[in-house]
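These numbers come from a predicted model, not from an experiment. Remember, it's 1-based here, ligands and their atoms both numbered in the order they're listed.
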Amino acid sequence: MAEPPGDRILVTGALGQIGTDLVGALRDRHGSDSVIASDVREVPRHPLLEDGPFRLLSVLDGDGMDSMVREEEVGEIYHLAAILSATGEKKPELCQRVNVGGTITVLETAKEHGLRVFSPSSIAVFGPDAPRTAPQVTPLNPTTTYGMTKVTGEMMALNYWKQYGVDARGIRYPGLISWKSPPGGGTTDYAVEIFHAALNERHYDCFVGPDTRLPMMYIDDAIRGTIELMEAPTESIGPSRGGYNLSGMSFTAGDLANAISERVDGFTCEFKPDERQQYADSWPDDVDDSTAREDWGWKAEYDLGRMVNEMLDRLNDQS
Ligand code: NAD
Ligand code: SER
């Protein structure tokens, strides 16, 4: 493997839901100047653009990424740029191009320059034939285009490690719940939208049914898990490196609405399933994360009650 040009961190897709939190956490840890946020778009007055370096960069631009890695002295890439499930089913060609093509750009750049890579996967790798609590190792037969791109991403991460020694690692994130930035076109977005609607309108029309149960996670657990995985010694990372199952919590949309009603007077929720119901139905209820626990000591800290309190408190503070 080549010697990396430096030890700065490049984050792709940084203006999305995860990047908005992850870049801040990495900057707190390594210093603002050491973490370069990048995205294919700019968002005026976004805090990441004011707190440290930001560069416009498409993950489909291999030459652009190569120059950036050399000029900015990068040693590690957190590759968050992607098209999520709901948008991906509307635009499957774009989803494949960005998710698979973008990951190839990142892994090829990493191979060329000896970089470490974090490239997330998703619970969307599972299909309807997976057990309701999906084990780490089980047939991966997703029915969504997005899920298929995530299976490909996991396999590429493992393959680049085996073939070229690229230290690429990933997590099969559950649906993530955060308050700082809106979710980006996924099926689990209802679990974030419901909080904003509860506080602003006292009502939410939920696009999945009340009995829809999915694996979910509060953003602070997801960010901590990401950093813990990337800081784990190489010898502790096993063959699940392309996508570790991480369990956070598992609840139905009805459970979530009820938990919010207990804190927000007069809140009502109507369930009006749309096409996203079928994507949710194809995913498991929960995941078994024993491999991540054993390999690098993962443990979630937030359950449904703690997450709901935190979301409402933070959003109330913000308004
Ligand atoms: P997001 O949709 O909020 O953000 C993705 C970002 O990628 C956006 O800011 C977008 O502008 C950018 N982007 C799109 N095309 C690009 C391109 N060609 N070049 C550069 N940037 C581009 O997504 P997120 O929720 O932050 O997810 C990040 C990663 O985590 C993705 O791989 C996603 O599949 C995975 N993930 C997220 C969740 C979740 O609940 N948020 C769950 C499972 C997996
Ligand atoms: N939260 C993501 C989505 O719904 C799962 O990867 O698309």
Side-chain angles (χ1 to χ4, degrees), residues 10-23 37-43 46 48-49 54-62 64-65 68 77-91 94-106 117-126 142 144-154 157 170-178 180-193 207-208 212 214-219 221-223 225-226 242-246 248 275-280 282-284 287:
L10 174 65
V11 182
T12 72
L15 297 183
Q17 188 192 8
I18 299 176
T20 298
D21 277 83
L22 182 63
V23 170
S38 73
D39 205 292
V40 73
R41 63 192 169 111
E42 259 179 317
V43 174
H46 194 289
L48 294 190
L49 275 64
F54 175 83
R55 306 280 181 271
L56 276 176
L57 176 67
S58 169
V59 291
L60 301 180
D61 177 3
M65 186 168 293
M68 191 163 300
I77 300 182
Y78 285 71
H79 171 44
L80 305 180
I83 305 296
L84 273 67
S85 59
T87 308
E89 294 318 289
K90 288 197 182 105
K91 299 177 181 172
L94 177 72
C95 181
Q96 292 181 80
R97 195 148 41 91
V98 173
N99 295 9
V100 179
T103 305
I104 291 173
T105 306
V106 169
V117 174
F118 175 74
S119 183
S121 184
S122 162
I123 51 156
V125 293
F126 300 112
T144 59
T145 301
Y146 171 73
M148 293 172 205
T149 67
K150 290 291 165 186
V151 175
T152 306
E154 286 192 13
I171 287 171
R172 290 173 181 156
Y173 286 131
L176 299 182
I177 301 168
S178 64
K180 278 189 199 158
S181 88
T187 301
T188 57
D189 293 11
Y190 66 86
V192 179
E193 290 174 3
F207 59 76
V208 297
T212 305
L214 284 173
M216 296 279 184
M217 181 175 280
Y218 186 56
I219 191 74
D221 270 344
I223 300 302
T226 304
Y244 275 100
N245 280 3
L246 289 201
E275 74 283 356
R276 289 168 281 189
Q277 181 70 54
Q278 60 185 297
Y279 317 146
S282 75
W283 298 344
V287 297

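The side chain of L84, and not its backbone, has at least one atom closer than 4.0 Å to an atom of ligand 1 (non-hydrogen atoms only; side chain from C-beta on). The side chain of R41, and not its backbone, has at least one atom closer than 4.0 Å to an atom of ligand 1 (non-hydrogen atoms only; side chain from C-beta on). With a 4.0 Å cut-off on non-hydrogen atoms, H79 does not touch ligand 1 at all. Residue-level proximity to ligand 1 for L57 is carried by the backbone, the only part with a heavy atom below 4.0 angstrom. At a heavy-atom distance under 4.0 Å, no atom of S38 approaches ligand 1.
Annotation: I83 places no N or O atom under 3.5 Å from an N or O atom of ligand 1; distance criterion only. Some N or O of D39 is nearer than 3.5 Å to an N or O of ligand 1, by distance alone. Polar contact with ligand 1: absent for Y173 (N/O pair, distance under 3.5 Å). On a distance-only criterion, A81 and ligand 1 share no N/O pair closer than 3.5 Å. Backbone and side-chain nitrogen or oxygen atoms of V59 are examined, and one is located within less than 3.5 angstrom of a nitrogen or oxygen of ligand 1.
Atom 34 (O) of ligand 1 has as its closest protein heavy atom Y146 OH, 2.6 Å. Protein heavy atom nearest atom 32 (O) of ligand 1, with residue, atom name and distance: K150 NZ, 2.7 Å. The protein atom (non-hydrogen) at minimum distance from atom 44 (C) of ligand 1 is S121 O, 3.2 Å. For atom 18 (N) of ligand 1, the closest non-hydrogen atom on the protein side is S58 OG, 3.3 Å. Counting protein heavy atoms only, atom 15 (N) of ligand 1 is closest to V98 CG1, 3.8 Å. For atom 42 (C) of ligand 1, the nearest non-hydrogen atom of the protein is P174 O, 3.3 Å. Of all protein heavy atoms, the one closest to atom 41 (N) of ligand 1 is Q17 OE1, 2.8 Å. Of all protein heavy atoms, the one lying nearest to atom 37 (C) of ligand 1 is I18 CD1, 3.7 Å.
Counting heavy atoms from C-beta on, the side chains of Q17 and L84 never come closer than 4.5 Å. Taking 4.5 Å as the limit, every side-chain heavy atom of T188 sits out of range of all side-chain heavy atoms of P183. The closest side-chain heavy-atom distance from W283 to L214 is below 4.5 Å.
Residue nearest to atom 5 (C) of ligand 1, selected from A14, A82, G19, G184: A82 (by heavy-atom distance). Comparing L15, T12, L80 against atom 29 (C) of ligand 1, the shortest heavy-atom distance belongs to L80.
S58 contributes a side-chain N or O that, together with a main-chain N or O of L60, makes up a donor-acceptor pair within less than 3.5 Å. Remark: the backbone N or O of I83 is paired with a side-chain donor or acceptor of N99 at under 3.5 angstrom. The main-chain N or O of G170 is never found under 3.5 Å from a side-chain atom of S121 such that the two would form a donor-acceptor pair. Counting only distance, with no hydrogens or angles, the side chain of S38 and the backbone of L56 share no donor-acceptor pair below 3.5 Å. Of the possible polar contacts, one joining the E89 side chain to the T145 backbone as a donor-acceptor pair under 3.5 Å is found.
H79 and S119 share no side-chain donor-acceptor pair at under 3.5 Å. When only modelled atom types and interatomic distance are considered, T20 and H46 share a side-chain donor-acceptor pair under 3.5 Å. A side-chain N or O of T212 and one of Q277 form a donor-acceptor pair less than 3.5 Å apart.
Within the structure, ligand 1 lacks G185 among the residues with a heavy atom less than 4.0 angstrom away.
Taking OG1 of T12 as the start and CG of D39 as the end, the distance is 8.0 Å to the nearest 0.5 Å. Separation of atoms NZ (K91) and CD (Q96) is listed at 14.5 Å; rounding is to 0.5 Å.
Closer than 4.0 angstrom to ligand 2 by heavy atom are L84, S85, S122, Y146, G186, T187, T188, W283, sorted by chain and number.
Scanning both residues, T187 and R276, for their nearest heavy atoms gives CG2-O, 3.5 Å. Here the closest heavy-atom approach between residue M217 and residue P174 is recorded as CB-CG, 3.9 Å.
The distance from ligand 1 to the heavy atoms of G175 drops below 4.0 Å at these ligand atoms: 40 (O). Taking a cut-off of under 4.0 Å to the non-hydrogen atoms of P120, the atoms of ligand 1 that pass are 29 (C), 30 (O), 32 (O).
Ring orientation note: the planes of F207 and Y190 are nearly perpendicular, at an angle over 60° on the 30°/60° scale.
With T226 as the fixed residue, the side chain to side chain contact (heavy atoms under 4.5 Å, CB included) test singles out one of I18, D21, L22: L22.
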